[in-house]
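All values below come from the heavy atoms of this structure, side chains included, with hydrogens, waters and symmetry mates left out.
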Amino acid sequence: MPIRLLPENLINQIAAGEVVERPASVVKELVENSLDAGASDIVVTLEKGGKRLIRVMDDGAGMAREELVLALTRHATSKISTLQDLEAVATLGFRGEALPSIAAVSRLRLATRSADDEHAWELRAEGGSIDGPAPAAGEIGTRVEVRDLFYNVPARRSFLRTERTEFGHIDELLRRLALARFDVRFELRHDGRVVRSLAPARTAEEAAARLASLFGREFLAHAMELDEQRGPLSLTGWVAEPRFNRAQADRQFFFVNGRMVRDRVVAHAVRQAFRDVLFHGRHPAFVLFLELPPTAVDVNVHPQKHEVRFREARAVHDFLYSVLHRALAESGAGAGALRPGSAVDGAGTGMDMGSAPVAIPMALREQVAGYAQPSTSPPVSAAPGGEDGEVPPLGYALAQLHGIYILAQNRQGLVLVDMHAAHERITYERLKAGVGGQGIRSQRLLVPLPVPVSEREAEAVEQRAAQLAELGLECERAGPESVVIRGVPTLLQAADLPELLRDVLGELERHGASRRLESAVDEVLSSMACHASVRAHRRLEVAEMNALLRDMERTERAAQCSHGRPTWVQLDLQGLDRLFQRGR
């Protein structure tokens with residue numbers, strides 16, 4: 001066929017294939033327009049899961065009469081006008097594709113009124129034709145009605161799911177938007193019923209209430225609040241302590257300048273921060289907000305704006321990692337408690353949490369064995385103290401159960417401690433502090449190790465030789481597709497060095513930084529800590545139990561062992577009373 005221009009309506013329908021995937025896509029674009037217009041009150045009304053009707057009403061700035069037709073024209077927008085505007089865009093939408101794309105695959109009605117108009121104006125669009133603008137009744141703001149989505153594209157309509165599924169996607173979307181804008185009132189109606197009504201949250205208490213209603217009170221009970229700024233970067237929000245973990249990554253919300261995104265730099269930084277406090281296969285929960293200058297992030301890399309690209313990805317990665325790592329380190333033994341009957345989707349203590357054995361060079365066992373010695377602090381007597389006495393967070397030991405668990409009493413009630421898991425974390429942190437205090441010690445190999453690599457990997461070694469040396473890995477390019485490893489971190493002599501090198505190069509390429517070597521060292525130390533810790537069924541004296549409790553209170557990340565298994569749980573008096581039906 002000869003080359004020819006496509007009809008305008010077909011162009012819009014093709015664009016709709018990128019912008020409009022399902023009813024939730026329409027709601028996203030319309031609500032984001034409302035937020036960009038400065039709305040403080042947004043009402044979303046649905047019928048049949050959004051397949052029959054989507055109506056979004058707001059009290060934003062509205063539009064003038066002469067802007068209505070332009071609003072349904074592709075690439076017409078009020079949000080950018082130059083390349084400099086695009087490089088520093090701060091609004092959620094900016095391409096001017098959403099409304100014309102939606103209008104191309106639905107029956108659309110748009111009514112709006114600005115503060116300068118005496119009344120509202122409205123127009124209708126269907127099948128590529130536009131009727132209006134015409135005078136209409138309405139308050140200041142905008143109302144958009146989208147009926148019969150994909151009525152003229154039956155193939156696309158057949159891919160829609162059930163009403164319940166499509167409504168679920170919209171409800172999830174509104175939850176995300178409500179997390180991004182605590183200052184805005186949101187209401188969701190479905191088939192004549194108010195499903196969700198969220199008042200604006202202007203105080204810390206109101207924000208906590210909204211968070212609990214959207215995420216659940218269990219998350220809020222285990223959440224640590226973050227508020228950290230470093231230069232132009234700012235991170236706020238909530239991250240759940242590791243014991244509140246999930247089987248799926250369904251409680252992870254990350255916003256960049258108010259825009260929810262999925263980003264591999266962010267995901268990698270979070271994984272690294274949680275790497276030795278979560279069991280393999282479990283996922284942390286968080287609601288985090290990263291603020292940085294608009295010029296430092298490119299939001300124009302995905303048709304639906306789900307992804308961004310950071311101009312200084314390594315700086316962002318290191319900032320996120322350090323803030324989360326420090327927050328987790330400060331969540332010690334007194335940071336939270338599990339209560340009876342709680343619905344935490346966590347790893348139960350009955351699961352097999354062991355990890356694959358790690359090879360430990362024999363010559364290194366004695367070198368670091370001193371870090372695994374028990375505390376030298378004086379023994380503490382088993383004296384819970386009176387009502388007015390000072391009681392430490394984990395209380396005082398009462399007894400040992402089956403040589404596995406320590407039973408202790410604190411002000412809240414009963415504390416159960418897995419003594420092996422607890423001592424493993426204590427030993428692990430001492431090993432890390434001892435080895436880390438010496439820096440990453442590199443040892444030259446007696447016989448340099450040649451490693452076949454791709455040409456791209458060989459170039460990476462040549463370009464990043466100094467950076468690799470800082471990590472304790474001394475290597476150089478030996479040919480077009482070959483490198484030679486001459487030195488490795490002392491603790492990793494028995495590791496699979498070629499695989500380790502490739503992993504490090506991959507992380508450096510993707511994220512600009514790598515903690516793969518640090519992770520490998522930690523795996524060795526974790527294995528050593530496991531072997532050096534007190535074993536199950538060993539009888540401890542009360543003074544030894546109390547010394548272990550005090551060590552836990554002084555140790556970072558003491559709520560989990562190095563494999564991510566919980567070390568202690570709290571049973572409060574109210575929970576115990578419920579178990580025994582006291583007061584009924």
Side-chain angles (χ1 to χ4, degrees), residues 204-205 208-209 211-212 215-225 238-245 277 285 327-350 375 377 380-402 404-423 425-426 540 542-561 564-584:
E205 292 75 16
L211 184 66
F215 243 46
R217 296 199 172 276
E218 199 68 40
F219 170 83
L220 188 62
H222 294 85
M224 300 177 289
E225 190 167 1
W238 298 266
V239 58
E241 58 181 352
R243 68 179 66 198
F244 184 92
N245 55 69
V277 292
L328 293 171
E330 293 171 354
S331 63
L338 290 176
R339 292 167 174 81
S342 63
V344 177
D345 180 20
T349 56
S375 172
S377 56
V380 183
S381 63
E387 288 294 321
D388 300 327
E390 186 70 24
V391 179
L394 293 181
Y396 294 101
L398 299 173
Q400 192 176 14
L401 182 64
H402 289 292
I404 300 174
Y405 302 104
I406 295 173
L407 281 64
Q409 173 183 325
N410 64 359
R411 287 200 179 279
Q412 288 72 42
L414 179 66
V415 176
L416 297 176
V417 177
D418 182 331
M419 66 181 196
H420 173 73
H423 194 232
R425 168 57 73 177
I426 295 167
L540 297 181
V542 172
E544 292 178 299
M545 292 186 248
N546 280 317
L548 181 63
L549 297 178
R550 302 296 79 78
D551 278 347
M552 289 176 64
E553 292 161 352
R554 290 189 292 265
T555 301
E556 294 181 348
R557 295 175 284 273
Q560 294 80 30
C561 75
R565 197 159 54 86
T567 60
W568 67 280
V569 295
Q570 171 88 61
L571 299 176
D572 59 27
L573 290 174
Q574 291 79 10
L576 291 171
D577 287 344
R578 286 195 296 271
L579 286 175
F580 291 98
Q581 300 183 2
R582 288 178 60 86
R584 295 188 182 181

**Asked** Do Trp238 and Leu211 touch side chain to side chain, with heavy atoms closer than 4.5 Å?
**Response** yes
**Message:** Is it the case that the side chain of Thr567 and the backbone of Ala559 share a donor-acceptor pair, with hydrogens and angles ignored and the cut-off at 3.5 Å?
**Reply:** yes
**Request:** Determine the minimum heavy-atom distance between Asn546 and Tyr396, stating which atoms define it.
**Result:** OD1-CA, 3.4 Å
**Prompt:** Heavy-atom distance under 4.5 Å between the side chains of Arg243 and Trp568, does that happen here?
**Reply:** yes
**Message:** I want to check something: taking the side chain as every heavy atom from C-beta on, are Arg557 and Arg425 in contact at a cut-off of under 4.5 Å?
**Reply:** yes
**Request:** With sequence neighbours excluded, tell me which residues meet side chain to side chain donor-acceptor pair (under 3.5 Å) with Gln400.
**Result:** none
**Message:** Return the CG to CG distance between Asp418 and Leu401, rounded to the nearest 0.5 Å.
**Reply:** 11.0 Å
**Asked** Is there a donor-acceptor contact under 3.5 Å from the side chain of Asn410 to the main chain of Pro393?
**Response** yes
**Request:** Examine distances only and state if a side-chain atom of Gln409 and a backbone atom of Leu398 form a donor-acceptor pair shorter than 3.5 Å.
**Result:** no
**Asked** Nearest 0.5 Å, what's the NE2-CG distance between His423 and Leu540?
**Response** 9.5 Å
**Item:** Approximate separation, where rounding is to 0.5 Å, of Leu394 CG and Glu553 CD
**Value:** 4.5 Å
**Prompt:** What is the distance from atom SG of Cys561 to atom NE2 of His420, rounded to the nearest 0.5 Å?
**Reply:** 7.5 Å
**Asked** Taking it one step at a time, do Phe244 and Glu218 satisfy side-chain contact (heavy atoms from CB on, under 4.5 Å)?
**Response** CA-CA 8 Å; Phe244 184 92; Glu218 199 68 40; 3.7 Å; yes
**Request:** For the residue pair Leu407 and Val415, establish whether any side-chain heavy-atom pair is separated by less than 4.5 Å.
**Result:** no
**Request:** Could you tell me which non-hydrogen atom of Leu220 sits nearest to which non-hydrogen atom of Ala212, and how far apart they are?
**Result:** CD2-CB, 3.8 Å
**Prompt:** Do Ile406 and Leu416 come within less than 4.5 Å of each other through their side chains, counting heavy atoms only?
**Reply:** no
**Message:** If I compare all heavy atoms of Pro566 with all of Ala421, which pair ends up nearest, and what's the gap?
**Reply:** O-CB, 4.2 Å
**Prompt:** Would you say the side chain of Ile426 lies within less than 4.5 Å of the side chain of Leu548, judging by non-hydrogen atoms?
**Reply:** yes
**Fill in**
In terms of heavy-atom contacts, Gln570 and Leu414 come closest through NE2-O, 3.3 Å
**Request:** Return the minimal non-hydrogen interatomic distance between Leu328 and Met224, and the atom names on each side.
**Result:** CD2-CE, 3.9 Å
**Fill in**
Asp551 and Arg554 have their tightest heavy-atom pair at OD1-NH2, 2.6 Å
**Note, Met545 side chain near Val542 side chain (heavy atom, < 4.5 Å)** = yes
